[in-house]
Amino acid sequence: MRPLRYLMSLFILASILVLAACGTNNENQEEEAAGNGSDTAEETTSYTVEHAMGTTEIEGDPERVVILTNEGTEALLAMDVTPVGAVQSWIGDPWYEHIADKMADVEVVGTESELNMEAIAKLEPDLIIGNKMRQEEQYDKLKAIAPTVFAETLRGNWKENFELYSKALNKEEKGQEVIAEYDQRIEDLKAELGDKLEMEVSMVRFMPTDVRIYHKDSFSGVILDQLGLARPEGQDVEDFAETGVTKERIPAMDGDILFYFAYETGDGEGNKVAEEWINDPLFQKLEVAQEGNVHEVSDPIWNTAGGVMAANLMLDDIEKYFLEQ
């Protein structure tokens with residue numbers, strides 16, 4: 001019997017050792033798994049953005065962005081962000097021609113002045129970017145859908161809004177690159193223009209219900225000022241525009257070169273107003289008209305779009321009319 005008990009003892013001892021080894025392996029595997037988990041777990045970062053309506057905390061890098069202004073749409077595209085939703089362009093079906101190819105899969109969420117809140121909510125955005133001047137009354141509803149950042153206004157220097165958008169997107173470095181490229185282009189073009197910077201540039205806009213002479217605090221006025229181009233005395237003022245212009249004010253449109261743009265939505269009314277004024281005898285008596293220096297340019301590029309892409313296209317026009325002709 002003694003050999004049998006001895007064998008039984010050996011069997012029990014071996015079983016205990018096997019179980020102990022298995023336990024140790026399981027503990028090691030659990031520790032290793034835990035260690036791997038701590039190495040691969042993604043930490044969600046958050047950041048705070050101060051804007052026209054207060055302060056907004058945003059988590060992670062926004063991937064589903066809804067943009068509620070036309071100039072904001074251009075800012076996103078310039079920073080390689082395609083929005084999931086955007087307001088319709090003022091002119092186009094539904095987008096401006098110069099951005100249409102980049103907006104093929106973007107949902108329309110109304111216009112700047114009339115948002116489609118249901119469409120915005122359905123997109124489940126993780127960031128909404130809008131504007132106090134346009135959408136202040138909708139801010140509370142928008143921030144209930146997703147973190148919302150508002151710029152203050154749509155007039156003046158578009159770069160101020162652009163910098164806010166880059167912060168909201170957590171893409172400040174990319175935003176700085178875009179601005180640096182634009183600023184360098186301004187400096188290069190100023191050098192090329194040379195003495196032509198002394199030419200007084202007049203700007204006029206024709207709409208079905210209004211005629212305006214544009215001043216320095218308009219989108220195109222800011223760009224002309226950045227280039228250092230001269231303006232006629234009556235237009236060289238720090239405000240947006242003279243509105244409600246009558247034909248008696250046509251002499252105030254004179255300059256060394258005149259650019260005009262018509263707000264045309266497809267019914268022909270904007271172009272009709274422009275044609276009537278340009279062919280008016282009083283307009284034809286202007287020195288700038290007599291010298292053949294009146295040029296029609298794109299309303300979206302020189303005024304309505306209001307973003308960085310339009311700004312660069314406007315610089316293309318400046319090169320064309322000042323350097324290539």
Side-chain angles (χ1 to χ4, degrees), residues 44 46-156 158 160-171 175 209 219 263 265-266 300 303-310:
T44 301
S46 64
Y47 53 100
T48 301
V49 178
E50 294 183 7
H51 56 97
M53 301 300 291
T55 301
T56 295
E57 185 172 345
I58 303 169
E59 291 190 2
D61 293 327
E63 296 180 354
R64 298 184 61 80
V65 183
V66 168
I67 182 71
L68 305 180
T69 62
N70 286 277
E71 47 92 41
T73 298
E74 293 198 5
L76 266 62
L77 295 175
M79 288 184 278
D80 302 324
V81 174
T82 302
V84 293
V87 289
Q88 182 173 341
S89 299
W90 292 116
I91 299 171
D93 186 24
W95 313 116
Y96 293 125
E97 184 178 344
H98 68 280
I99 64 169
D101 62 332
K102 302 178 186 299
M103 299 287 284
D105 298 322
V106 180
E107 293 288 330
V108 175
V109 294
T111 66
E112 287 188 11
S113 301
E114 191 172 345
L115 301 178
N116 185 333
M117 303 298 289
E118 183 179 352
I120 294 171
K122 189 177 293 185
L123 288 171
E124 299 182 350
D126 48 26
L127 175 64
I128 299 171
I129 300 176
N131 191 281
K132 183 178 179 180
M133 178 179 172
R134 285 278 193 261
Q135 300 125 5
E136 182 176 7
E137 293 182 0
Q138 284 78 41
Y139 178 73
D140 288 339
K141 292 180 181 178
L142 291 167
K143 74 175 184 178
I145 297 172
T148 301
V149 171
F150 268 17
E152 182 72 35
T153 185
L154 286 166
R155 292 176 177 170
W158 59 268
E160 295 176 3
N161 285 2
F162 185 93
E163 290 169 2
L164 174 64
Y165 303 152
S166 70
K167 292 177 182 177
L169 295 167
N170 203 21
K171 282 183 167 286
T209 58
F219 173 71
Y263 182 66
T265 60
N303 185 72
T304 320
V308 61
M309 298 173 72

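Just so you know, these numbers come straight off a predicted model, no measurement behind them.
Among I129, N131, T148, I128, the single residue meeting the side chain to side chain contact (heavy atoms under 4.5 Å, CB included) criterion with L68 is I128.
Legend: side-chain hydrogen bond (donor to acceptor under 3.5 Å, both in side chains) pairs involving residues 97-108, not counting sequence neighbours, sorted by first then second residue: E74-H98. Pairs engaging residues 47-57 under the side-chain hydrogen bond (donor to acceptor under 3.5 Å, both in side chains) rule: S46-E57, H51-T56 [sequence neighbours left out].
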Hey, can you pull the donor-acceptor pairs under 3.5 Å for the side chains in residues 118-127, sequence neighbours left out?
residue: D126; atom: OD1; partner: E63; partner atom: N; Å: 3.2
residue: D126; atom: OD1; partner: R64; partner atom: N; Å: 2.9
residue: D126; atom: OD2; partner: E63; partner atom: N; Å: 3.0
residue: D126; atom: OD2; partner: R64; partner atom: N; Å: 3.3

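In terms of the salt bridge (Lys or Arg N to Asp or Glu O under 4.0 Å) criterion, residue partners of K143 (sequence neighbours excluded) are, by chain and number, D140. Residues satisfying the side chain to side chain contact (heavy atoms under 4.5 Å, CB included) test with P300, not counting sequence neighbours, are I91, Y96, S298. Listed by chain and residue number, K174 satisfy the salt bridge (Lys or Arg N to Asp or Glu O under 4.0 Å) test with D80 (two or more places apart in sequence, or in another chain). Partners of F162 by ring pair (Phe, Tyr, Trp, His ring centres under 6.0 Å), not counting sequence neighbours: none found. Legend: residues meeting salt bridge (Lys or Arg N to Asp or Glu O under 4.0 Å) with E163, ordered by chain and number and at least two apart, are absent. Under the rule for a side chain to side chain donor-acceptor pair (under 3.5 Å), the partners of E112 that lie at least two apart in sequence or sit in another chain are N70, R134. Considering only residues two or more places apart in sequence or on other chains, T69 meets the side chain to side chain donor-acceptor pair (under 3.5 Å) condition with E71. Listed by chain and number, the residues in a side chain to side chain donor-acceptor pair (under 3.5 Å) with D61 are N170 (sequence neighbours excluded). Evaluation of the salt bridge (Lys or Arg N to Asp or Glu O under 4.0 Å) rule for E114 yields no partner, not counting sequence neighbours.
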